[in-house]
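Values below: all heavy atoms of this structure, side chains included; hydrogens, waters and symmetry mates excluded.
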Amino acid sequence: MAAAFHHGTETQRVDGGSNAVYTVDGAITAMVGTAPIGAVNELTVCSTIKDFSQFSALTNAGFPLPDAANIWTRYASGVAYVVNVCDPAKHKSQVSDEVLTVDADTLTAKTKHPALQSGYTVSDGDSPLAEGENYTIDMVSGEITFTAKPVAPKISYTYTDPTKVTEADIIGGYVAATGKRTGLELLTEGYNRYGADAKIVIVPEYDKTAKVAAAAITLATKLQAIAYIDAPTGTTLSKALEGRGALGTINFQTSSDRAELFFPHVIGTLGVESLATHAAGLRMKTDVEQGYWFSKSNRELLGVTGLEIGLTARADDPQSETNRLNEKGITTVFNSYGTGYRLWGNRLACFPTVTHIKNFEVAQRTGDLIDESIRRVELQYIDRPIDDALLDSLLETIRTYLSTLPSIVGFSLDLDYDYDLVDAFSKGQVPIVYEYTPKLPAERISNKSVMTRKYLANLVSGN
């Protein structure tokens, strides 16, 4: 409060003008699945192989998260929110007297199932063996090393069993008894915990069911993200195309603008690999190195050596199988002479039903990041008096932001005069409308080739 009487000088500092707007981070992938070890139903931030090692590096063992980490980290970009739903206390099975086959040279044997839990017993015939004295064991991999070759080794054990994980475990929910969220639902805490929501959602392997795919799309809609959905392994080209229709039998029956569909799986260093997971890593790499307004299509996939289902691919052939997939709203892999294996496709699952430009993934993501960035900066204006200073500063803040964006080709901004502004202001409301046009990928380049005799005149004039 100002002094009632003051003989002298003073300064009152007022923050004027517009405010800076920072574009939200879009290079965040959410992964939900199973791992042999690691925190259960906790939102864990990972970026590097070292970060993911807390869920183990055991691949091709029935646990999709370590496989997804191996693929995603090849692209060395972005951040992942990881949720492991495999609970050793709940998802487990028992094996009694499993016969072990020992390598005579290395004196090692391996259990049929990895992820052993405490309480196993190893014996040679009817004689129990002592750990540390007669053998050592890696509980994650199930590898046992003996100090001397046993005659009839066997083991009884309990192991963490990912096949016991259900759709309900993946989808998750809010558990009133614990006050915690689980599964996909846990990803809604990303902003409150870490200041940003995931913008790409993947559920490796479990997205093969329509129920889980639908749940991932629902979550992506809530987060204003995109769910990347794989066709099931073993899907044929015919089944993939049919899957978009009413008679389809796979998880492709959606026209959501919050989903992108991928077919087929690829062959890589792990064997059969998820194309959606590759796409998520490639999306992160593209965001970081070029920007969110650049398409991830026509960029090479890392560590890919083949396709589960071979496809014809030519950029100048509209009858090629890759083009047939794209025209049905399915992103695929382009492999032609000298190209390597490239992701191929720009459209979301709403295409071809929806012809608005939002069916381009880059357009949808551009809108998501712009809208959220503007909403965030507007918090500074909430509850301030509605006057010329507020309106000028707010509009100039947004105008300055939009004018500097490399992701759009033009914009307009003003108060929304479709409202009765006097009535709106009297209710404490400040309606604003802004329009913008995102940059779109050059998906098709058309050439017109004209053969004519008119340039024969050059022969005459030259002589």
Side-chain angles (χ1 to χ4, degrees), residues 19-33 39 41-48 50-52 54-55 65 68-69 72-73 75-84 172 174 180-203 215-228 257-260 276-277 279-294 296 348 361-382 397-398 401-402 404-408 438:
N19 294 289
V21 182
Y22 295 94
T23 300
V24 299
D25 187 1
I28 305 174
T29 300
M31 300 182 188
V32 178
N41 280 312
E42 294 289 342
L43 196 60
T44 306
V45 177
C46 296
S47 181
T48 65
K50 179 181 178 182
D51 298 332
F52 280 101
Q54 62 190 290
F55 298 105
L65 280 181
W72 189 86
T73 53
Y75 297 89
S77 300
V79 170
Y81 293 167
V82 182
V83 179
N84 169 34
Y174 179 77
K180 292 185 176 182
R181 292 178 173 85
T182 64
L184 281 164
E185 182 64 23
L186 185 54
L187 296 172
T188 60
E189 298 182 5
Y191 179 78
N192 286 336
R193 286 174 178 263
Y194 304 116
D197 285 318
K199 291 303 179 186
I200 301 297
V201 178
I202 59 173
V203 193
I217 295 169
T218 300
L219 174 72
T221 302
K222 184 183 297 186
L223 300 181
Q224 290 193 309
I226 307 293
Y228 285 2
D257 60 3
R258 292 294 169 184
E260 187 169 355
T277 303
L282 187 56
R283 180 71 267 171
M284 300 296 99
K285 182 178 177 67
T286 304
D287 275 19
V288 170
E289 295 184 356
Q290 276 82 38
Y292 60 84
W293 60 98
F294 279 75
K296 66 185 183 300
L348 298 175
E361 188 210 22
V362 290
Q364 183 74 297
R365 297 188 77 240
T366 295
D368 291 343
L369 297 180
I370 289 175
D371 293 346
E372 185 174 342
S373 299
I374 290 174
R375 290 197 303 272
R376 287 197 190 184
V377 78
E378 287 173 335
L379 177 62
Q380 301 172 75
Y381 295 92
I382 298 296
T397 291
I398 300 173
Y401 173 61
L402 292 173
T404 60
L405 285 177
S407 57
I408 61 177

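The two residues Leu369 and Gly26 have their closest heavy-atom pair at CD2-CA, 4.0 Å. Nearest heavy-atom pair across Asn41 and Gly183 is OD1-N, 2.9 Å. Contact detail for Thr366 and Pro438: the closest heavy-atom pair is CG2-CB, 3.9 Å. The shortest non-hydrogen separation linking Tyr228 to Ala276 is CD2-O, 3.6 Å. Nearest heavy atom pair, residue Gly190 against residue Asp197, reads C-OD1, 4.1 Å. Nearest approach of Ala280 to Ile202, heavy atoms of both residues: CB-CG2, 4.0 Å.
Summarising the geometry, atom CE belonging to Met31 is positioned 6.5 Å from atom OG1 belonging to Thr277; distances are rounded to the nearest 0.5 Å. The CD atom of Glu361 lies 5.5 Å from the CD1 atom of Ile200; values are rounded to the nearest 0.5 Å. Interatomic distance, Tyr381 OH to Thr397 OG1, rounded to the nearest 0.5 Å: 3.0 Å. Atom CH2 of Trp72 is separated from atom SG of Cys46 by 8.5 Å, given to the nearest 0.5 angstrom.
Between Lys199 and Asp287 no salt bridge is recorded (no basic side-chain N to carboxylate O distance below 4.0 Å). Salt-bridge check for Glu260 with Arg283: failed, with every basic side-chain N at 4.0 Å or more from each acidic carboxylate O.
Using a 4.5 Å cut-off on side-chain heavy atoms (C-beta onward), Lys180 and Glu42 make contact. The shortest side-chain heavy-atom distance between Tyr194 and Leu43 falls under the 4.5 Å cut-off. No side-chain heavy atom of Arg181 sits less than 4.5 Å from a side-chain heavy atom of Val83. In this structure the side chain of Asn84 never reaches within 4.5 angstrom of the side chain of Gln54, judged on heavy atoms. Side-chain contact between Leu184 and Val201 is present, with heavy atoms from C-beta onward closer than 4.5 Å.
Between the side chain of Asp51 and the backbone N or O of Thr48, at least one donor-acceptor pair lies under 3.5 Å. Tyr401 places no side-chain N or O within 3.5 Å of a backbone atom of Val377 that could act as its donor or acceptor partner.
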Tell me, with the steps shown, if Thr73 and Phe52 meet side-chain contact (heavy atoms from CB on, under 4.5 Å).
CA-CA 9 Å; Thr73 53; Phe52 280 101; 3.6 Å; yes
Checking Tyr75 against Glu289 for the side-chain hydrogen bond (donor to acceptor under 3.5 Å, both in side chains) test, could you report, in this order, the C-alpha distance in whole Å, the side-chain angles of both residues, the deciding distance, and whether it holds?
CA-CA 11 Å; Tyr75 297 89; Glu289 295 184 356; over 6 Å; no
Determine, stepwise, if the pair Phe55 / Thr44 fulfils side-chain contact (heavy atoms from CB on, under 4.5 Å).
CA-CA 10 Å; Phe55 298 105; Thr44 306; 3.9 Å; yes
Test side-chain contact (heavy atoms from CB on, under 4.5 Å) applied to Val45 and Tyr81, step by step:
CA-CA 5 Å; Val45 177; Tyr81 293 167; 4.0 Å; yes
Without placing hydrogens or testing angles, list every side-chain donor-acceptor pair under 3.5 Å for residues 220-227, not counting sequence neighbours.
{"unit_1": "Thr221", "atom_1": "OG1", "unit_2": "Ile217", "atom_2": "O", "d": "2.9"}
{"unit_1": "Gln224", "atom_1": "OE1", "unit_2": "Arg375", "atom_2": "NH2", "d": "2.9"}

